[in-house]
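Values in this document were obtained by computation on a predicted structure and should not be read as measured data. One-based numbering along the sequence shown.
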Amino acid sequence: MKLDSKIPEGHISQKWTNYKDHLKLVAPNNRPKIDIIVVGTGLAGASAAASLGEMGYNVKAFCFQDSPRRAHSIAAQGGINAAKNYQNDGDSIFRLFYDTIKGGDYRAREANVHRLAEVSGNIIDQCVAQGVPFARDYGGLLDNRSFGGTQVQRTFYAAGQTGQQLLLGAYSALSRQIGLGRVKMFNRHEMLDLVKVDGKARGIIARNLVTGELERHSAHAVVIASGGYGNVYFLSTNAMGSNVTAGWKIHKQGALFANPCFVQIHPTCIPVHGTNQAKLTLMSESLRNSGRIWVPKKKEDAEAIRAGKLKPTQLVEEDRDYFLERKYPAFGNLVPRDVASRAAKEVCDEGKGIEANDTNEGVYLDFSTEIQNKGKQAAYAQGNHNPTPEEITSLGKQWLKEKYGNLFTMYQKITDENPYETPMKIYPAVHYTMGGVWVDYNLQSTIPGCFVAGEANFSDHGANRLGASALMQGLADGYFVLPYTVSNYLADEIRTGKISTDLPEFAEAENRVKDSIDKFLNNKGSKSVDHFHKRLGLIMWNKVGMGRNEAGLKEAIAEIAALKEEFYRDVNVPGNADELNPQLEKALRVADFIDLGQLMAMDALQRNESCGGHFREEYQDAEGETLRDDENFSFVGAWEYKGDDITKEELHKEELKYEFIKIAARNYK
């Protein structure tokens, strides 16, 4: 199979504009004759469904939640990037393009990333028009803040709940189309297979999660916007229901799965507390604007803190190691996520972790310096040029509360510690997945008519995603890319007519789903689904996590194969198929996670280099930084499904060519 990315010719700044000018169109009077299915209603799915509905297509939108408003996009906290240069600090479309390519450690597709940077400004205008309440400065202009991997302020935000506000904007647009009858919404429905007719995507099999009924839905094109696969690790910052099933089902039908080993470990999450914990909580990267990350310089101080004999506030400045500021002076606490995460792991491996958990892993995110600095500024602005220490502290805390109040409240509710008074405890955790279904420049998979958007595809982030870029990509795909590229594909479908769900291909797909469900319900094993999911998560975190090596990856591949065999032999799924059955939902999802986990380890094993979130311990320089191999591994690794034995999957390579950016070693020092 030869991969054709369909990247247009021409200068990088003109590719998308020229390409759009020559795409085929569907006339307004023909659009009502065409059906489109959108799976997922997060930012990518909701914006795509709303946009395609507005254009006049018949859209069916599916989500497994009880409302599109429950999509995991609401959990995004810190912001959304756009090259507006409102701060007049040197930002530009090219700068955003460059930062994204460099942040992804030169493993992203150049043309896709530039397009993302180009449309970023339009996203902000669109969202403002929808009423998204972005933060504004004193004069009423939109405010910006910094995020990791950049030296400009380009992140637009709404307190610490940007994802929620953006999703409400997209949901309002979607709701309008639902009200007009152009979008039909299927809540509490989960896609369990893709239907292909004559090689093209022609529909899906969905399960009504309330009644258990299997339903056939046909369409002329299918858009998968079902998010990422971070829950393969069991513990992650993802919502408990987030899964890979939609993406994995199309993979099994012929869509290649690209760069599965590229997983983002987010540096600022609340540390694991106990073995019964079910998920982890993200603390926004925006906090790194104001917080300083440190551990004690002496191991004995760290031991005393873990034992409860010493408080962090008792440690004087010279006994603290602000390790990011020490190692990366040019970027300090705002280095990219993969760099910050590895640095935190390194100091904890040295025994300086501060959290009294099973692994002693945790570092501090301290706001005391910011409280003093902002307190003095606020006092001065009020005309008080000689404030007392108490006034400074009070005003500084008030400034923090206005900027990050909901995040601080959330942290205190979870940990019962006041982050205004004592430093936050944080540690890296699985957050975002850069890998996903392979797509070309049109966001079309290797299955004609099957498009993939947002985190579900691999296209824009390379080996590491810069903070505040996920929301940007999701909305760019849905509002500004798919309406053009899907229409280009559908221009040849206006004479196809309605697609019947009585075709034998629909019956075959439905029977595949039924067989899978019956297999689990009739298994009568002795262990729960979560038992296997947790075991998979431990293998993945320990051997396919922040640090990877050849021996560990080979062990992981073998251990997951054994786990898969045991899972199908000994899992117990209670209840019936024709009812609300959360354990059955979990079993179907975990089955896909097990297969994906094995592929992730295989992908990490073949990539004999370190880049971004993929850190092979054998490939690091003298200072412990990633050692890329651009000569041999400057490619997208796209895997083709070859049957139930995942080790038989075939690797295809899309060479990455950089015409407009000079590849260099990543340096944040």
Side-chain angles (χ1 to χ4, degrees), residues 75 77-78 148 230-231 233-238 263-288 290-297 299 301-303 305-308 311-312 315 320-328 333-367 407-408 410-417 419 422-432 464 467 534 537-538 540-548 613 615 624:
Q77 298 167 349
N231 276 354
Y233 290 86
F234 186 72
L235 282 178
S236 81
T237 65
N238 289 194
V263 175
Q264 177 154 90
I265 314 289
H266 197 296
T268 55
C269 301
I270 298 176
V272 176
H273 191 68
T275 54
N276 293 322
Q277 195 165 340
K279 81 175 297 293
L280 298 172
T281 304
L282 171 72
M283 298 310 299
S284 170
E285 182 174 317
S286 63
L287 295 171
R288 290 201 276 155
S290 297
R292 300 176 70 195
I293 296 173
W294 64 274
V295 291
K297 283 183 179 177
K299 281 176 67 174
D301 286 342
E303 289 165 0
I305 286 172
R306 292 197 299 265
K311 293 182 179 178
L315 227 57
R320 302 178 178 190
D321 178 13
Y322 295 94
F323 54 91
L324 292 179
E325 298 171 32
R326 168 173 57 81
K327 292 184 69 173
Y328 309 101
N333 294 296
L334 287 173
V335 291
R337 291 174 176 180
D338 61 312
V339 177
S341 294
R342 280 194 300 276
K345 180 180 186 295
E346 189 178 291
V347 293
C348 289
D349 287 347
E350 293 169 0
K352 297 176 183 175
I354 50 79
E355 177 68 305
N357 54 19
D358 290 348
T359 55
N360 298 330
E361 290 171 334
V363 300
Y364 285 124
L365 181 59
D366 193 328
F367 299 93
L407 298 173
F408 278 50
M410 181 173 74
Y411 179 87
Q412 187 164 4
K413 284 186 175 180
I414 292 170
T415 65
D416 200 29
E417 292 182 351
T422 188
M424 280 185 182
K425 295 174 182 176
I426 59 166
Y427 193 68
V430 171
H431 178 57
Y432 187 91
N464 171 64
K534 285 181 180 180
L538 284 172
M540 296 299 297
W541 179 249
N542 291 328
K543 295 177 180 177
V544 201
M546 267 197 286
R548 304 160 177 186
F615 190 71

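Inter-residue side-chain proximity for Thr359 and Val272 is flagged as unmet; no heavy-atom pair is nearer than 4.5 Å. Put simply, the side chain of Tyr427 does not reach to within 4.5 Å of the side chain of Pro267, judged on heavy atoms. Taking the side chain as every heavy atom from C-beta outward, Asn464 and Gln264 approach each other to under 4.5 Å. Two residues are said to be in side-chain contact when any heavy atoms from C-beta on lie closer than 4.5 Å; Met546 and Phe615 fail this criterion.
A salt bridge does not link Lys299 with Glu350: none of the charged nitrogens is closer than 4.0 Å to a carboxylate oxygen. Ion pairing between a basic and an acidic side chain is recognised when a charged N comes within 4.0 Å of a carboxylate O; Asp366 and Arg320 show such pairing. Arg342 and Asp338 are joined by a salt bridge, as a carboxylate oxygen and a charged side-chain nitrogen come within less than 4.0 angstrom of each other. Taking the charged nitrogens against the carboxylate oxygens, Lys425 and Glu417 do have a contact shorter than 4.0 Å, which makes a salt bridge. Note on Lys327 versus Glu346: salt bridge recorded, some NZ/NE/NH1/NH2 to OD/OE distance being below 4.0 Å. Between Arg292 and Glu325, at least one side-chain N (NZ, or NE/NH1/NH2) sits under 4.0 Å from a carboxylate O, which counts as a salt bridge.
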Notebook entry, point to check: Stepwise, does the side-chain contact (heavy atoms from CB on, under 4.5 Å) test hold for Arg337 with Glu285?
Noted result: CA-CA 9 Å; Arg337 291 174 176 180; Glu285 182 174 317; 2.3 Å; yes

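The aromatic rings of Trp541 and Tyr233 sit perpendicular to each other, their planes meeting at more than 60°, with 30° as the lower class boundary.
Only one option out of Ile354, Leu287, Leu365 pairs with Ile426 in a side-chain contact (heavy atoms from CB on, under 4.5 Å); it is Leu365.
Taking CD1 of Ile293 as the reference point, atom CG of Leu334 lies at 8.5 Å (rounded to 0.5 Å). Put simply, OG1 on Thr281 and NE2 on His273 are 12.5 Å apart, with the number rounded to the nearest 0.5 Å.
Here Cys269 pairs with Thr237, His266, Leu282, Ala429 under the side chain to side chain contact (heavy atoms under 4.5 Å, CB included) rule; sequence neighbours left out.
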